[in-house]
Amino acid sequence: MTNEPIACAADGIDITGCRVSLYPMKDHFAQQILTSIEKTNTSAVWQQTDLFSTLFRGEAPSVIDAAEALFINAYESKTHLVGEFTFSKGCPGDTAGDTFLNGEQAQPNKGKNLANGDFLVDCKYSFYVFGENHYMEEIATIVQLAETHGLSPRSAHYVTMLTGSASQLFAYFEAALAYAHDHLPHYVLEATVSVNSPSKKEAMPHD
């Protein structure tokens, strides 16, 4: 058995993956999750839903498009919803299977995402760089991109906090992963996205 690295691309096209877990804070949460999955157009990605999450694999723009749609399709104006996202590319243990790759980078949900993603969200996220000595500079660049997308990044212990519309947030994720794709061999972005949190309402000042 040789120690040759496992290729993380097929026909020269890199594989990006994202695991999404949705947590609607309501009694009938299962139907809300299932409805979101049914509404999401997954024609441009490979998809698998298991006990814990839904996995999308394929070309980065298509994966981000599907992940964004899954969250937006689960949104309800009066329900506290949390989404957990793990984006990854370049893992040495990855394989070229279980993907949808055709070079088109299609985003079949983009129109609906833009139309329905104007609600306000809060996000905490961490970006991890592997195999690079100057990883702190790369992380700083990723955080600076959030500023250009109007998300007002704020530092906290172990994470960066963001606030903006769902559309703004996922447009930022797309820009951040596009930069990472061009400059980094292996990276992971972990994000928690929240909408309609009662904790935020309780923290607001009263007259």
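Here the structure is a predicted model, which means the values were calculated and not measured. In this chain, numbering begins with 1 at the start of the sequence shown.
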Test Val195 against Phe71 for side-chain contact (heavy atoms from CB on, under 4.5 Å), laying out the working first. CA-CA 10 Å; Val195 60; Phe71 185 77; 4.1 Å; yes

Check: Phe119 ring centre within less than 6.0 Å of Tyr75 ring centre: yes

When clusters are formed by joining ILVMFWY residues with side-chain heavy atoms under 4.5 Å apart, either directly or through shared neighbours, do Trp46 and Ile64 land in the same one? no

Give a yes or no on whether the backbone of Lys89 and the side-chain of Thr16 come within a donor-acceptor separation of less than 3.5 Å. no

Contacts table for residues 79-88: side-chain donor-acceptor under 3.5 angstrom, sequence neighbours left out:
from  : atom 1 : to     : atom 2 : distance (Å)
Thr79 : OG1    : Glu76  : OE1    : 2.9
His80 : NE2    : Ser194 : OG     : 3.2
Glu84 : OE1    : Thr192 : OG1    : 2.8
Glu84 : OE2    : Thr192 : OG1    : 3.1
Thr86 : OG1    : Glu190 : OE1    : 2.8
Thr86 : OG1    : Glu190 : OE2    : 3.3

With a 3.5 Å distance limit and no angle check, can you tell me whether Glu59 reaches the backbone of Gly103 through a side-chain donor-acceptor pair? yes

Nearest 0.5 Å please: distance from the CD atom of Glu68 over to the CG atom of Leu169. 8.5 Å

I'd like to know if Asp65 pairs up with Lys112 as an ion pair, taking the criterion as any Lys NZ or Arg NE/NH1/NH2 lying under 4.0 Å from an Asp or Glu carboxylate oxygen. no

Say you draw a straight line from CZ of Phe170 to CD1 of Ile72; how long is it, rounded to the nearest 0.5 Å? 6.5 Å

Taken to the nearest 0.5 Å, the spacing of Cys18 SG from Gln47 CD works out to 12.0 Å

Of all heavy-atom pairs between Ala175 and His149, which one has the smallest distance, and what is that distance? CB-CE1, 3.5 Å

Give every donor-acceptor pair under 3.5 Å between a side-chain atom in residues 134-144 and any protein atom, sequence neighbours left out.
from   : atom 1 : to     : atom 2 : distance (Å)
Glu138 : OE1    : Tyr179 : OH     : 2.6
Thr141 : OG1    : Glu137 : O      : 3.1

Hydrogens and angles aside, do Asp118 and Ser165 bring a side-chain donor and acceptor to less than 3.5 Å of each other? no

OG1 of Thr49 to CG of Leu55, rounded to nearest 0.5 Å, is 8.5 Å

Between Asn41 and Asn109, does any side-chain donor sit less than 3.5 Å from a side-chain acceptor? no

State whether the number of non-hydrogen atoms from other residues, nucleotides or ligands found under 6.0 Å of Asp50 atom CG is greater than 12. yes

Using every non-hydrogen atom in the two residues, find where Ser77 and Asn196 come nearest and quote the distance to one decimal. O-ND2, 3.2 Å

Are the side chain of Thr40 and the backbone of Ser36 linked by a donor-acceptor contact shorter than 3.5 Å? yes

What are the two closest heavy atoms between Ala44 and Pro108, and how far apart are they? CB-CD, 3.9 Å

Rounded distance (nearest 0.5 Å) linking atom OG of Ser152 with atom CE of Met161: 13.5 Å

